[in-house]
Amino acid sequence: MLSLWVYMLYCCVGYCSTTPTFMMEERSSRNPPRPLQKQDPEMFLKSQSRDLLNNESDADSKGDGWEENKGDVVYDEDSGVAGALNETKKLPQAIIIGVKKGGTRALLEFLRLHPDIRAVGAEPHFFDRNYEKGLEWYRELMPKTQEGQLTMEKTPSYFVTKEVPGRIHAMFKGTKLIVVVRDPQFLGLRREVTDKHFHFNPAKGFPCLKRPESNSKPHCLGKTKGRTHPNINPDVIQRLRDFYKPFNKKFYHMTGHDFGWD
């Protein structure tokens, strides 16, 4: 008889311990939350933006760069105090459009060292994959900038997507496009990046980036960067040079500059 009472007490305790969960689940099913998009369009927009920036479907889409300031309050590294600045989000005035595996990640990180550049670390893929979401969605992805700062992004697949030129022109025909074949300083930037912004990493075999005004550790590019180039037969290299020679000449004519790749 005693064993029976102990067993009934045990069952009762077990039932009570599960009851709150059951009741919460039942209440949740009776009163489902309102869809976020209808409840607060702005919050939905920001949520979708964060989802994009956290998307790891592309190996290089999620940048390794420093975190951009998310709010209106930023840290003034010269004075050591935090202050509210009048910052706004703008559509990019310059976009790195290519080429794939041509050093676009390194270029973006070098440019982000400059105080007049603010850039998205991840690749937005707006003009090739997300164009239907609209310019306001695109603007929401951008970092906040002060007066005089350039807003930038980089998505190398823009270079091989035929709809992109027209879409960028429709946004703003004065947008500067960057393809990795020339010096970018043509953005009109003052010379700021020097050897003090670099720290050689012997383990990786190439320099990492650092902000000299900050105490943070040097920032190195990802594991896929700085790989050793394979040895290629000189005959193969010459065949490639011969094949691309007429295309190079056409490119020189288009740009008005002979890069001497022959």
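This structure is a prediction, so every number in the text was calculated from the model and none was measured.
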Using only atom types and a distance under 3.5 Å, with no angle test, would you say the side chain of [X] pairs donor to acceptor with the backbone of [Y]?
X: His114; Y: Leu111; result: no
X: Lys89; Y: Glu140; result: yes
X: Glu153; Y: Glu123; result: no
X: Arg241; Y: Trp261; result: yes

What distance separates [X] [atom1] from [Y] [atom2], expressed to the nearest 0.5 Å?
X: Ser157; Y: Ile97; atom1: OG; atom2: CD1; result: 10.5 Å
X: Thr88; Y: Gln149; atom1: OG1; atom2: CD; result: 9.5 Å
X: Ile237; Y: Asp242; atom1: CD1; atom2: CG; result: 12.0 Å
X: Arg190; Y: Asp116; atom1: CZ; atom2: CG; result: 4.0 Å
X: Thr155; Y: Lys100; atom1: OG1; atom2: NZ; result: 10.5 Å
X: Ile117; Y: Leu150; atom1: CD1; atom2: CG; result: 4.5 Å

Taking all atoms of both residues into account, what is the closest heavy-atom pair of [X] and [Y], and its distance?
X: Pro92; Y: Met142; answer: CD-SD, 3.9 Å
X: Asp128; Y: His125; answer: OD1-O, 2.9 Å
X: Pro165; Y: Thr161; answer: CD-O, 3.7 Å
X: Leu141; Y: Pro124; answer: CD1-CB, 3.8 Å
X: Gly121; Y: Leu108; answer: O-CD2, 4.2 Å

- When you measure from the centre of the six-membered ring of Phe127, is the NZ or CZ of Arg167 under 6.0 Å away and within 45° of the axis?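 Checked: cation-pi criterion not met.
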
Side-chain touch [X]/[Y], heavy atoms, less than 4.5 angstrom:
X: Val180; Y: Thr104; value: yes
X: Pro156; Y: Ile96; value: no
X: Val164; Y: Tyr131; value: no
X: Phe172; Y: Leu91; value: no
X: Lys176; Y: Gln93; value: no
X: Phe126; Y: Met171; value: no
X: Ile178; Y: Leu107; value: yes
X: Arg105; Y: Lys154; value: yes

- Task: Check whether the side chains of Thr151 and Lys90 place a donor and an acceptor atom closer than 3.5 Å, and report yes or no.
- Result: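 Looking only at side-chain atoms, Lys90 and Thr151 do not form any donor-acceptor pair under 3.5 Å.
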
- Task: Applying side-chain contact (heavy atoms from CB on, under 4.5 Å), name anything that partners Tyr244, two or more places apart in sequence or on another chain.
- Result: Leu240, Phe247, Asn248

- Task: Is it possible for you to say whether Phe243 and Ile232 belong to one hydrophobic cluster, with membership spreading through side-chain heavy-atom contacts below 4.5 Å?
- Result: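 Linked, Phe243 and Ile232 end up in one cluster.
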
- Please check if atom CD in Glu147 has more than 12 non-hydrogen atoms from other residues, nucleotides or ligands closer than 6.0 Å.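 No, CD of Glu147 has 12 or fewer neighbouring heavy atoms, counting only those of other groups under 6.0 Å.
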
- Query: Should Glu136 and Arg139 be marked as a side-chain contact (heavy atoms from CB on, under 4.5 Å) after you check the CA-CA gap, both sets of side-chain angles, and the distance that decides it?
  - Reply: CA-CA 5 Å; Glu136 287 307 311; Arg139 188 198 304 270; 3.3 Å; yes

- If the plane angle is over 60° it's perpendicular, under 30° parallel, otherwise tilted; pick one for Phe110 and Phe198.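 Perpendicular, since the angle between the ring planes exceeds 60°.
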
